[in-house]
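Reading through the structure tokens given below for one structure.
Just so you know, these numbers come straight off a predicted model, no measurement behind them. Atoms considered below: every heavy atom in the structure, side chains included; atoms not considered: hydrogens, waters and symmetry mates.
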Amino acid sequence: MKNTLKVFLNPLKWIAAIKYHKKQKAYRRSEQDLELKLYNKILLNDMLHWGYFDNPKIAPEEISLSVFSKAQQRYAENIADLTDTNDQPVLDVGCGMGGMADMLLKKGYTIELLTPNNSQKKYLKAKYPDIPFHHCKYEEFQSERIYGAVINAE
């Protein structure tokens with residue numbers, strides 16, 4: 001108890017704790033999501049969402065990376081097939097690595113991307129330099145533009 005009290009009353013420990021806390025506040029998970037970066041390296045299809053499995057009863061042990069990747073593609077195709085924009089642009093919120101956007105571009109849609117993630121920003125700017133890009137959280141996004149569809153795939 002005495003040692004705990006000494007630590008608790010030590011001003012140097014308080015300063016260290018305050019500095020640590022400030023550093024943690026500066027780290028915004030949505031801007032530095034390392035798990036998403038890892039998934040992108042494993043899946044290699046620029047999609048980070050779950051998938052649409054044609055057979056919903058597939059056993060988990062039968063789901064390979066290839067099966068999962070195809071399910072992701074199928075999920076994106078389903079969303080693309082349901083997207084009707086009346087010739088207005090599509091806003092892809094939480095666009096990940098741009099897989100859905102790429103699919104929509106190939107179908108002739110005009111698209112804009114939005115993500116707060118710094119790693120995704122760097123990747124998207126390099127891979128899709130001509131697509132308008134918004135680097136912010138959706139809650140902070142402001143635009144005068146009218147969108148025909150806003151997609152948030154998960």
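Annotation: Glu144, atom CD; neighbour count of heavy atoms from other residues, nucleotides and ligands within 6.0 Å does not exceed 12. Applying the 6.0 Å contact sphere to CD1 of Ile42 captures more than 12 heavy atoms from other residues, nucleotides or ligands.
Interatomic distance, Leu43 CG to Ser66 OG, rounded to the nearest 0.5 Å: 10.5 Å. Residue Leu105 holds its CG atom at 12.0 Å from NZ of Lys107, rounded to the nearest 0.5 Å. Going from atom CZ of Phe133 over to atom CG of Leu113 covers 7.0 Å, rounded to the nearest 0.5 Å.
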Per-pair distances, 0.1 Å, donor-acceptor, side chain in residues 81-100, under 3.5 Å, sequence neighbours excluded:
unit_1 : atom_1 : unit_2 : atom_2 : d
Thr83  : OG1    : Ile79  : O      : 2.7
Thr85  : OG1    : Asp87  : N      : 3.4
Thr85  : OG1    : Gln88  : O      : 3.1

Taking only distance into account, with no hydrogens and no angle test, what donor-acceptor pairs under 3.5 Å do side-chain atoms of residues 47-56 form with protein atoms, sequence neighbours excluded?
unit_1 : atom_1 : unit_2 : atom_2 : d
His49  : NE2    : Gln72  : O      : 3.0
Trp50  : NE1    : Glu154 : OE1    : 3.4
Asp54  : OD1    : Arg74  : NE     : 3.0
Asn55  : OD1    : Lys57  : N      : 3.0

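In this structure, Tyr138 has no ring pair (Phe, Tyr, Trp, His ring centres under 6.0 Å) partners at least two apart in sequence or on a different chain. With sequence neighbours excluded, no residue forms a side-chain contact (heavy atoms from CB on, under 4.5 Å) with Ala126. Taking the side-chain contact (heavy atoms from CB on, under 4.5 Å) definition, one finds that Glu62 meets it with Ile58, Ala59, sequence neighbours left out. In this view, Lys41 satisfies the salt bridge (Lys or Arg N to Asp or Glu O under 4.0 Å) rule with no residue, not counting sequence neighbours.
Sorted by first then second residue, the ring-ring contact (aromatic ring centres under 6.0 Å, His included) pairs that include residues 83-126, not counting sequence neighbours, number zero. Pairs of residues two or more places apart, or lying in two chains, that qualify as salt bridge (charged side-chain N to carboxylate O under 4.0 Å, His left out) and include a residue from residues 115-129 are Asp46-Lys127.
Placement of Leu114 and Met103 in two distinct hydrophobic clusters is found when ILVMFWY residues are connected by side-chain heavy-atom separations under 4.5 Å, directly or transitively.
Closest heavy-atom contact between Leu104 and Ala80: CD2-CB, 3.7 Å.
A side-chain hydrogen bond (donor to acceptor under 3.5 Å, both in side chains) with His134 holds for exactly one of Gln142, Glu112, Glu140; it is Glu112.
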